[in-house]
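Only one structure is covered here, and it is reproduced in the block below.
Residue numbers start at 1 and run along the sequence shown. These figures come from a predicted structure and were not determined experimentally.
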Amino acid sequence: MKRLYEAAKVLKHVYGQSELARLFNVSPQTIHNWQARGISKQGMLKAQEMVGCSASWLETGMGQMSLIQASSIMVGNNIQIPLITSEQAARFSRTSRNLALLQEPRAWLFTQLSLSARSFAMETSGSAMAPEFEEGDWIIVDPMVEPEPGDFVVARYGAKDTAILRKYRPRGLDASHKMLFELVPLNDDHPCIRSHIDSVEIIGTVAEHRKFRKKKPGCAGGSSSGDAVFWPRPKRT
């Protein structure tokens with residue numbers, strides 16, 4: 001637990017039992033139990049996701065504390081993916097990666113998918129992709145995967161360089177052999193975006209969608225979000 005407190009202080013500026021419990025979204029009693037009995041394996045993985053420290057370092061004290069310093073840390077068959085804001089995602093490029101964006105990820109997600117080193121996760125917002133994508137869902141995006149018809153993509157759009165999620169629809173080559181495409185909302189109340197008219201650039205293709213079942217207030221369990229439903233992008237043959 002001493003190492004967990006140290007990592008929380010250095011990487012997240014979180015101090016003490018109560019702040020740590022809030023960060024992990026657990027009760028202070030859970031943190032107290034870890035202090036008394038030692039942090040569980042599941043707790044180490046949660047710490048790796050929420051704090052950004054290495055689970056191996058938490059357990060042994062060996063190696064580097066930060067996952068950012070340690071690079072592609074594997075946990076079993078999982079790889080780490082930084083969860084960043086849509087504003088950070090809008091600054092991504094398909095050909096280069098600003099590593100400074102990873103210095104303050106909101107959290108770390110883990111997946112068993114085979115993804116490129118440029119992959120990232122972000123939270124969905126707005127109603128343009130409802131009902132398939134709801135506010136607060138998580139998506140994992142791979143900038144190195146070329147989208148195919150019907151894929152979901154994240155794109156940089158408009159003068160303010162906003163990151164948006166849409167369905168990809170190619171429209172053929174123009175006179176200079178550049179692919180024209182449309183970005184289509186699932187909600188008909190939102191407009192279709194056209195590459196030959198609008199300022200838009202595809203950032204990456206959605207590889208995984210993590211959808212959280214919302215529980216109605218007053219339901220048993222009391223949580224505002226329940227079990228997560230994941231779908232990975234199907235493998236192509």
- Message: Could you walk me through whether Glu182 and Arg166 satisfy the salt bridge (Lys or Arg N to Asp or Glu O under 4.0 Å) test, starting with their C-alpha distance in whole Å, then the side-chain angles of each, then the deciding distance to 0.1 Å, before giving a yes or no?
- Response: CA-CA 9 Å; Glu182 295 177 346; Arg166 294 293 189 274; over 6 Å; no
- Task: Might you work through the side-chain contact (heavy atoms from CB on, under 4.5 Å) test for Lys167 and Leu186, ending with a clear yes or no?
- Result: CA-CA 8 Å; Lys167 187 176 182 178; Leu186 299 182; 4.2 Å; yes
- Residue pair Met1, Leu20: steps toward the side-chain contact (heavy atoms from CB on, under 4.5 Å) verdict: CA-CA 11 Å; Met1 277 301 294; Leu20 194 61; 4.3 Å; yes
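Evaluation of the salt bridge (charged side-chain N to carboxylate O under 4.0 Å, His left out) rule for Lys2 yields no partner, not counting sequence neighbours. Partners of Trp57 under the ring-ring contact (aromatic ring centres under 6.0 Å, His included) rule, at least two apart in sequence or in another chain, do not exist in this structure. Taking the ring-ring contact (aromatic ring centres under 6.0 Å, His included) definition, one finds that Phe181 meets it with Tyr168, sequence neighbours left out.
The distance from atom CZ of Phe120 to atom CD1 of Ile139, rounded to the nearest 0.5 Å, is 7.5 Å. Atoms NE2 and NZ, on His196 and Lys178 in that order, are 12.0 Å from each other to the nearest 0.5 Å. From Arg169, atom CZ reaches atom CG of Leu183 across 10.0 Å, with rounding to the nearest 0.5 Å. The structure places CD of Gln35 at 3.5 Å from OH of Tyr5, a figure rounded to the nearest 0.5 Å. We find the OG-CD distance between Ser119 and Gln80 to be 11.5 Å, quoted to the nearest 0.5 Å. The CE atom of Met122 lies 7.0 Å from the CG atom of Leu165; values are rounded to the nearest 0.5 Å.
None of Arg106, Arg210, Lys211 except one satisfies the salt bridge (Lys or Arg N to Asp or Glu O under 4.0 Å) rule with Glu123; the exception is Arg106.
Linking Ile, Leu, Val, Met, Phe, Trp and Tyr residues whenever their side-chain heavy atoms come within less than 4.5 Å leaves Val184 and Ile164 in two separate clusters.
Nearest heavy atom pair, residue Ile203 against residue Ala90, reads CD1-CA, 4.0 Å. Closest approach of Ala89 to Ala163, counting heavy atoms only: CB-CB, 4.1 Å. Considering all non-hydrogen atoms of both residues, Leu45 and Ala55 come closest at CD2-CB, 4.5 Å.
Summarising the local packing, CD of Gln29 is surrounded by more than 12 heavy atoms from other residues, nucleotides or ligands at distances under 6.0 Å.
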